[in-house]
Structure formats: C-alpha cells, structure tokens
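Remember, it's a predicted structure, so these values are computed and weren't measured experimentally. Whatever order the structure lists them in is the order used to number ligands and atoms, beginning at 1.
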Amino acid sequence: MSLHLDTVSKYYGSQAAVDDVSFEASSGQIIGLLGPNGAGKSTTMKMICGYVNPDEGSVSILGQETPEKKTDIRKHIGYLPESNPLYEDMYIKEFLRFACRVHKLNNWKSRVEKVIEMTGLGLEQHKLINQLSKGYRQRVGIAQAILHDPEILILDEPISGLDPNQLVEIRSLIKALGKEKTVIFSSHILQEVEQICDRLLVLNHGRLVMDGSVEEFYKSTSGKAQVFVSFDKAIDPSVVLAAGDELLKESTTSFALLTKNPTRIKQELFDFAVSQSVRISELTEKASSVEDVFKELTNKVE
Ligand code: ADP
C-alpha cells in the first residue's frame, strides 16, 4: 500500500476543513479527488505531501507515518500545487536543474532530459517559462513534480484552464504516469475525471461521501434515468409509474419520467399507446450525467 489516510481531520478554528477521512491507495492507480469549492481537496493533498499536519488521525506513505519523517517521505511524493508556481524568468532547463538541486539529485542531467522527454517538452525546452502557453506550463509543473521519480504523484487541479487540445495531451500524460505511480488529482472538470480515473473520491464539507470506481459512483446515488415521451393526444402518464418513479410534467402531451428502470417504462408506454390507440411522437432516454450524480452526492444534507 503506497498511501494510507486513517481517520484524518484538519480544523481551521472550529471549522473542519477535512473531517474523519480514511482511504488507501496503491501504485498503478489514478484517483480523482472531486468536490465543490471548499470541500477539503487541497487540504487533503497538502496533508499527504506533509505541508499541513493533520489534527487527528494519521497519514502513512509507504508504511511510514508522517510527519515524523517528513524529509524522507517527501522523496516519495511529487506535488503540483494548484497555482503551479514557476520561476517565470527562468528557462525550462534552468528551472528543472534548480528543482534537481532542491531535491539534491546527483544524476540531474539525465533526470532533466528524461522528464523533458516524458512530458513532451522537447521542442520548447530552450524557451523561457514566461514564453510558454498554459498547457506547456502545466507540463513544466508536472516535470518538476516527477524529477525525483516519486512513487506518489499529487496533482492539484492540473487540467483547469486548458484548451481542448491541451486537455487531451495532459490527460494522456497523466494516464501514462498512472501506469507506474499512484496518482491523485483534483479537478472540477467531471468528464475529464471520469475519463482519466480508475477510482473516484468525493469530498463534501470535508467528509468523504464516496470512494469507488466510476461505475460505483453512478450506482452510489439513485441512478435514475430520464425518459422523455410525447404523445399526439393528452394522456394520464401516472398509469405507467411504479413505486420510486417520478413524473416531471411538461405539458398534457409531453412528460419526463425519472426512473430506475427505463426499459420497463418504455415497454409500458408502448403497450399503453397501443391499448389506447394513441401515437408516440417522441421517446428518448437520458442516463444520469456525471454532473447529476455529483450534484446529488454533494447536495445531501450531512
Ligand atoms: P478545496 O480544495 O476543496 O476547494 P480547501 O482544502 O482549499 O478546499 O479548503 C477547505 C476549507 O478549509 C475551506 O473552507 C477553506 O476556506 C478552509 N481553509 C483552507 N486552508 C485554510 C487556511 N490556511 N486557513 C483557514 N481556513 C482554511
């Protein structure tokens, strides 16, 4: 197990920024940390990196508990903070060489070359950081985070503010890194998280409200689908509703039905139309989107 948080809490005054959070992670896993603003994502990441100490509970990295051996432990963690602080007036190589000195790396030449290759910075490597696009700055941030070849990589909002092309590139970089390392990254871009991650952790008001695969994420809530139906005459749709189904009325001829069993409802709507000699002019089904599930999880009253 590369990482273990055991009943971790962090308070700012009387407010719990992180409240009794426990989870484990192993290598070769990409974990998405989701949650609305202020949910405790950055604080959780800072505690994993040893920059913030938990008030309760413990964080263990490769079996060693922080904060007792912080310097040792930081060797195993790469961290890209949300703000991606870079020295703008440095050249990429100069900055990475500087970061090698901070990590006290002897083999800095080969490591700089390696991370430049891994992060696709080759063509830009002779540029000043302030001449780079946002996507390339993110690559430099990720490059500095992996210079010392850490087992655990913590990326705070690595894909925010990127254009669609840059998103694709950074997504495949994170995926490649996740093959060998434990990668934890936070994001507001839910579709991206869904595409990159093996596992999702959802925080809300500091509490872990969900820990599981993308499939489990969908199942963790009511998992209802929406069925839209339009008839050529006014009808009473309550005839097809079962316990747990919900009716969202749009007009006397068009309805949206929230259901756990869209196949049954569609079949019953067809049967109903045939038996009543009415025509169905439209019938569509929409699964719950990742946003719908996220809203449902984080709007729950704790
Ligand atoms: P997120 O990353 O999910 O947006 P944060 O971990 O940054 O959430 O913050 C969680 C809560 O802790 C927020 O209410 C935030 O205002 C509070 N918080 C974070 N850092 C500090 C701090 N240094 N001092 C006081 N409150 C803080």
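Nearest protein heavy-atom neighbour of atom 9 (O) of ligand 1: T43 OG1, 3.8 Å. Regarding atom 12 (O) of ligand 1, its nearest protein heavy-atom neighbour is A17 CB, 3.2 Å. When hydrogens are left out, the protein atom nearest atom 10 (C) of ligand 1 is G38 O, 3.4 Å; that is the closest non-hydrogen contact. Closest to atom 7 (O) of ligand 1, if we only count protein heavy atoms, is S42 CB, 3.7 Å. Y12 CE1, 3.4 Å is the protein heavy atom nearest to atom 20 (N) of ligand 1.
Ionic pairing of E113 and K109 is not present here: no N-O contact between side-chain nitrogen and carboxylate oxygen is shorter than 4.0 angstrom.
A cation-pi arrangement is present between R139 and Y136 under the rule of less than 6.0 angstrom and at most 45 degrees off the ring axis. In this structure, K266 is not positioned above the aromatic face of F270 in the sense of NZ or CZ being under 6.0 Å from the six-membered ring centre and within 45° of the axis. Judged by the 6.0 Å and 45° rule, R74 forms a cation-pi pair with Y51.
With 3.5 Å as the limit, one finds a donor-acceptor pair spanning the side chains of D156 and S186.
Per-residue contacts place N37 under 4.0 angstrom from the following atoms of ligand 1 (heavy atoms of the residue considered): 4 (O). Counting atoms of ligand 1 from 1 in the listed order, those under 4.0 Å from a heavy atom of A39 are 1 (P), 3 (O), 8 (O). The atoms of ligand 1 that sit less than 4.0 Å from any heavy atom of P36 are 3 (O).
The closest donor-acceptor contact from the side chain of R137 to the backbone of L132 lies under 3.5 Å. The main-chain N or O of S26 is found under 3.5 Å from a side-chain atom of T182 such that the two form a donor-acceptor pair.
Under 4.0 angstrom from ligand 1, there are no non-hydrogen atoms of E82.
Heavy-atom separations between G40 and ligand 1 include at least one value shorter than 4.0 Å. Look at Q15 and you'll find a heavy atom under 4.0 Å from some atom of ligand 1. Ligand 1 lies nowhere less than 4.0 angstrom from a heavy atom belonging to S186.
Protein heavy atoms are absent from the space less than 4.0 angstrom from atom 16 (O) of ligand 1.
Ring-plane geometry between H148 and H103 is classed as parallel, the angle between the planes falling under 30 degrees on a 0 to 90 degree scale with a further cut at 60.
Checked against a 3.5 angstrom limit, the closest N/O atoms of K41 and ligand 1 fall inside it.
Counting only heavy atoms from C-beta outward, the side chains of W108 and L147 never approach each other to under 4.5 Å.
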